[in-house]
Amino acid sequence: MSNEKKQWDPSQLRKYDINLEQISRYDYNDPRVDELMSQNKPVIIENSSVVASAKKWNLDYLEKYMGNGDYTVFLSRNHKFKYYDDKKVAKINNGDVGKNIEFTQPTKKVDMKLPEFLKRLKEWKRGDDRLYLQQGLNNTVGSEIVRDFLNFDWNFCNSKQAKHNWGPLTYNLLLIAMEGNVTPCHYDEQQNLFAQIYGYKRCILFPPSQFECLYPYPVYHPHDRQSMVDFDRPEYSKFPKFKEAKGYEAVVGPGDVLYIPIYWWHHIESLMRGGHTITVNFWYKDGPSSSISYPLRDYQKVAIMRNIEKMLQDVLKDPREVGPLLRTMVLGRFT
Ligand SMILES: CC1(C)c2ccccc2-c2ccc(C[C@@H](CC(=O)O)C(=O)C(=O)O)cc21
Ligand SMILES: [Zn+2]
């Protein structure tokens with residue numbers, strides 16, 4: 001490591017007051033990779049050829065071969081790109097879930113041609129909206145890109161999918177972020193092989209067991225699955241257990257593949273002053289839980305809590321009644 005030219009500098013990482021330790025890195029054919037994956041623990045897989053065919057994906061190549069379709073681009077007034085579920089926004093707007101839910105859309109979703117996206121990326125200056133291109137890799141992209149996509153090392157991905165009993169591949173997202181962009185802490189209900197192609201991203205992960213330290217929004221909220229804690233300015237009075245959160249971090253670079261286990265929280269930032277970043281992720285549904293085995297995994301308890309919240313929300317209708325009912329049911333009774 002010492003003799004390699006350092007590709008990034010710690011000053012490019014945003015400063016957070018969080019207890020973090022390093023995520024392990026192993027060569028793709030090191031048995032410890034599968035050991036960790038089988039325990040649903042994160043690991044960085046080095047030197048695989050999962051996306052080797054995309055090594056040549058620089059912005060000029062993409063501009064030349066990505067075709068002239070419209071791409072999904074998110075715009076943000078600040079560095080954070082908080083996911084929101086627009087189906088849930090609609091439910092709030094038509095009063096389906098109570099009137100008093102304040103929700104301000106944090107990002108705007110626009111369709112943009114690639115040349116315009118790249119132009120705005122190059123000409124960006126302080127005060128401009130930040131951009132984040134997120135596009136499913138499908139047949140709208142040019143034939144060369146499809147060829148590169150088909151030349152991903154699918155044997156590697158399929159072998160992981162089979163060995164760890166994952167469900168079907170649901171999505172490959174192509175992500176082109178501006179330097180400094182942040183995807184705030186959230187979890188997904190899918191297994192994720194996060195393949196870094198260009199530039200460097202710092203990833204902070206927390207296990208599902210840290211649910212009570214990360215204070216997710218209610219399930220009906222458009223920010224379902226996102227943490228309510230603002231890592232830049234944590235409100236410890238509202239979220240006291242955030243002080244106890246214990247996470248794992250890694251900086252991934254070209255050729256690294258980070259396994260983000262299902263239900264694991266992750267905050268992902270493109271290094272400041274590091275130029276744009278390009279990532280392709282591989283999302284897999286969870287495998288068929290052939291038989292429930294005890295003790296339950298932490299992530300299964302998160303799934304149980306989600307189902308209870310959904311059921312209560314459906315039957316109580318007004319979200320303001322969910323908390324009081326749960327408190328009445330639990331406080332002083334289940335010590
Ligand atoms: C922020 C953004 C563009 C977005 C906006 C609106 C709806 C969805 C999404 C969405 C989904 C996935 C990612 C990639 C990654 C985070 C990262 O690499 O930044 C990640 O979380 C994952 O691979 O699971 C990024 C986004
Ligand atoms: Zn995610």
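This structure is a prediction, so every number in the text was calculated from the model and none was measured. Numbering of residues begins at 1 and proceeds along the displayed sequence. Indexing begins at 1, ligand by ligand and atom by atom, following the structure's order.
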V229 with L205, same ILVMFWY side-chain cluster at under 4.5 Å: no
Pair N40, Y259: side-chain N/O donor-acceptor within cut-off below 3.5 Å: yes
Atom 17 (C) of ligand 1: the protein heavy-atom neighbour that sits closest, reported with distance to 0.1 Å: Y132 OH, 3.2 Å
H221 and D85: side chain donor to acceptor below 3.5 Å: no
Ligand 1 contact by N192, heavy-atom criterion under 4.0 angstrom: yes
Ring geometry between Y132 and F81 (parallel below 30°, tilted from 30 to 60°, perpendicular above 60°): perpendicular
Close approach, H186 and ligand 1, non-hydrogen under 4.0 angstrom: yes
Pair C203-H266, side-chain contact (heavy atoms from CB on, under 4.5 Å): steps then yes or no: CA-CA 7 Å; C203 308; H266 45 287; 6.0 Å; no
Ring center gap for F149 and W154 short of 6.0 angstrom: yes
Nearest-neighbour protein heavy atom for atom 6 (C) of ligand 1, which is reported as residue plus atom name and distance: F74 CZ, 3.3 Å
Closest protein heavy atom to atom 20 (C) of ligand 1, given as residue, atom name and distance to 0.1 Å: H266 NE2, 3.9 Å
Ring geometry between Y84 and H223 (parallel below 30°, tilted from 30 to 60°, perpendicular above 60°): perpendicular
Which residue and heavy atom of the protein sit nearest atom 15 (C) of ligand 1, plus the separation: F194 CE1, 3.9 Å
Between Q196 and T279, a side-chain donor and acceptor under 3.5 Å: yes
Under-4.0 Å heavy-atom contact with ligand 1, by part of K109 that carries it: neither
Polar contact flag for Q134 and ligand 1 (N/O pairs, less than 3.5 Å): no
Residue, atom name and distance, where the atom is the protein heavy atom closest to atom 7 (C) of ligand 1: Y83 CD1, 2.9 Å
W264 and Y248 aromatic ring geometry - parallel, tilted or perpendicular at 30°/60° bounds: tilted
Option with minimal heavy-atom separation from atom 13 (C) of ligand 1, where the choices are L175, I260, T183: L175
Proximity of K201 to ligand 1 by residue part, where a heavy atom lies under 4.0 Å: side chain
Proximal atoms of ligand 1 relative to N281 (non-hydrogen, under 4.0 Å): 22 (C), 23 (O)
Atoms in ligand 1 flagged as close to F81, the criterion being non-hydrogen separation under 4.0 Å: 1 (C)
Centroid-centroid under 6.0 Å between W265 and F206 rings: no
Contact (N/O only, under 3.5 Å) between D188 and ligand 1: yes
Metal-centred angle, the Zn ion (ligand 2) as apex - OD2 of D188, NE2 of H186, 10° resolution: 110°
Test of ring centre spacing under 6.0 Å for F242 and F231: yes
The Zn ion (ligand 2) to H266: nearest N/O/S atom name: NE2
Which segment of Y84 sits under 4.0 Å of ligand 1 when only heavy atoms are counted: neither
